[in-house]
*Asks:* 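I'd like to ask you about the structure that follows.
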There are 2 protein chains.
Amino acid sequence: MSTLNSASPAAVMTSADVATPAFSPLYQQIKTLMTMRLQAGEWRPGEAIPSELGLAARFKVSQGTVRKAVDALAADNLLVRRQGKGTFVSTHAEQTVQYRFLRLMPNDGPVVGAQRRFIDCRRLRAPADVARSLGLKSGDAVINVRRVLSFESAPTVLDDIWLPGALFKGLTAERLADYKGPMYGLFESEFGVRMIRAEEQIRAVSADSLSANLLGLGVGAPLLSVERLSMTYGDKAVELRRGLYSTASHYYRNELN
Amino acid sequence: MSTLNSASPAAVMTSADVATPAFSPLYQQIKTLMTMRLQAGEWRPGEAIPSELGLAARFKVSQGTVRKAVDALAADNLLVRRQGKGTFVSTHAEQTVQYRFLRLMPNDGPVVGAQRRFIDCRRLRAPADVARSLGLKSGDAVINVRRVLSFESAPTVLDDIWLPGALFKGLTAERLADYKGPMYGLFESEFGVRMIRAEEQIRAVSADSLSANLLGLGVGAPLLSVERLSMTYGDKAVELRRGLYSTASHYYRNELN
DNA sequence: GAGTGGTCTAGACCACTGA
DNA sequence: CAGTGGTCTAGACCACTCG
């Protein structure tokens, strides 16, 4: 580790260095360094990172210390460990299990793939509330995508998606429609934007005429309103997604610990 | 560790023992042993468990191995580590932060305490669906509690709670009303039932006349339906809670990783 | 068999708490 | 100050994957 100490690896930063330096353990510092390499694209989604012993040599610490850092990154879903093979940068592209953040489950019957229908994809100026959520200035360029997800031909999810225009130049309805696989896979491979975590605000609302129409329901039908803010590295918000879910034959599943 | 090996601690179970013995690492076995001690009430909620070195001596393993076991139990929220003080059995009683599993947040303004009003607490025979969820036989004794939670005098949550009668003998409306603190604290201290984790199914529904009345809304108003199944040790279901949340001035908050 | 992650140990030292 | 959890090391060996 060349970041903080001078001689031996054990000579870490201590509380004598500064007044209240907020002591940070070595493995935490290495986690930060590795996160920066991931963010910089030095290690690409789907690829293997160096072995633990290799990383230990590079950072001049013991294997146990890089192990703690890698464990933490794996817990954050940034890396995936595979015994006997190596440690890999996680990716949305080979996402076998549904749509990463979508928690909808059928009331009965097996989980089944969704059909997507894109309603429109427009480039426009950010409304005040969208700008605030995404950390933009009101009037900045944003891209607005609307689409419907159907399960077994039953329209179920109406998504209203807002993306910073600066990050997603050239995103069109065609590219969305042509891309096979989850939308986050497209964002990752084509625009270098990786979703790390998200926060959702869930409410119950009544369908207005537009959404009722698109979801094949009556006006006033109860819908789940799911407002999701997705973050990339550094907890930077990069997507605001307002979803309306029909919960007649599906439910939102959550686990509490 | 006297459970599996004979001589040295390092002589753990190997894949040579049986055909496909599903190799379980030492720290995992110790985690299981500690969980059993917790379940048996040998270490009580709020109390400190032995120090890591003490546990290491007792189980005849190294400190590092018990550390992994304790880390896992702390990750499951069964234990709480406090540097310099010790490791404690977590408890619902001194739960400073709201109601453990309740994810409701005010749209704006600070989090504020709730007022509780108990509507009734009856002992009756389990309906088929309740019995199925709780792993009982249809017709077994259950306790049904209904109550309303209000925030700043606005009724917001209508809970319909089902508990196995065998586990909660003597639970009455009086004891519920008299108990200060969260309901799960009462369950823990008076009935020895600790909620470990829960699963929720969330839907949007329309208020019927009864729930509309109790929540001060119009009939047909959209409500969040939250059906929660809570589990104790061994993933045994011990509470079915059907909640109706008014999401006019609150939202259900969820974090996705 | 070589290379990877996974487990376990023994021992040193650090940070935090409370008497 | 003693006692607790937290970090870090060095080294051994095990389990898994793949050529």
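The chains referred to below are lettered A, B, ... by the order of the sequence lines, with proteins before strands, and numbering in each begins at 1.
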*Asks:* What is the distance, rounded to the nearest whole Å, between atom CG of A/L79 and atom C1' of C/dT4?
*Replies:* 15 Å
*Asks:* Decide if the gap between the ring center of A/H250 and the ring center of A/F151 is smaller than 6.0 angstrom.
*Replies:* yes
*Asks:* Output all residues satisfying side chain to side chain donor-acceptor pair (under 3.5 Å) with A/D235, sequence neighbours left out; order by chain, then residue number.
*Replies:* A/R197
*Asks:* Rounded to the nearest Å, what distance is computed from the NZ atom of residue B/K60 to the P atom of nucleotide C/dT9?
*Replies:* 13 Å
*Asks:* With no hydrogens and no angle check, just 3.5 Å: does a side-chain donor-acceptor pair link B/S230 and B/E239?
*Replies:* yes
*Asks:* With a 4.5 Å limit on heavy-atom distance, are the side chains of A/L73 and A/M34 in contact?
*Replies:* yes
*Asks:* Would you sort out whether A/Q201 and A/R203 count as a side-chain hydrogen bond (donor to acceptor under 3.5 Å, both in side chains), showing the intermediate values?
*Replies:* CA-CA 7 Å; A/Q201 299 187 2; A/R203 297 178 178 83; 3.2 Å; yes
*Asks:* Carefully, step by step, assess A/Y99 and A/Y184 under the rule ring-ring contact (aromatic ring centres under 6.0 Å, His included).
*Replies:* CA-CA 8 Å; A/Y99 289 90; A/Y184 286 172; 8.9 Å; no
*Asks:* Hey, what are the protein-to-nucleotides 4-6 of chain D N/O distances that come in under 3.5 Å?
*Replies:*
from, atom 1, to, atom 2, distance (Å)
D/dT4, O2, B/G84, N, 3.4
D/dG5, OP1, B/T87, OG1, 3.3
D/dG5, OP2, B/E52, N, 2.9
D/dG6, OP2, B/R67, NH2, 3.0
D/dG6, OP2, B/R81, NE, 2.7
D/dG6, OP2, B/R81, NH2, 3.2

*Asks:* To the nearest angstrom, how far is B/L55 atom CG from D/dG3 atom C1'?
*Replies:* 15 Å
*Asks:* When you measure from the side-chain N and O atoms of B/T65 to the phosphate of C/dT9, is any distance below 4.0 Å, counting only OP1 and OP2?
*Replies:* yes
*Asks:* Can you tell me the distance, in whole Å, between the NZ atom of B/K31 and the P atom of C/dC8?
*Replies:* 14 Å
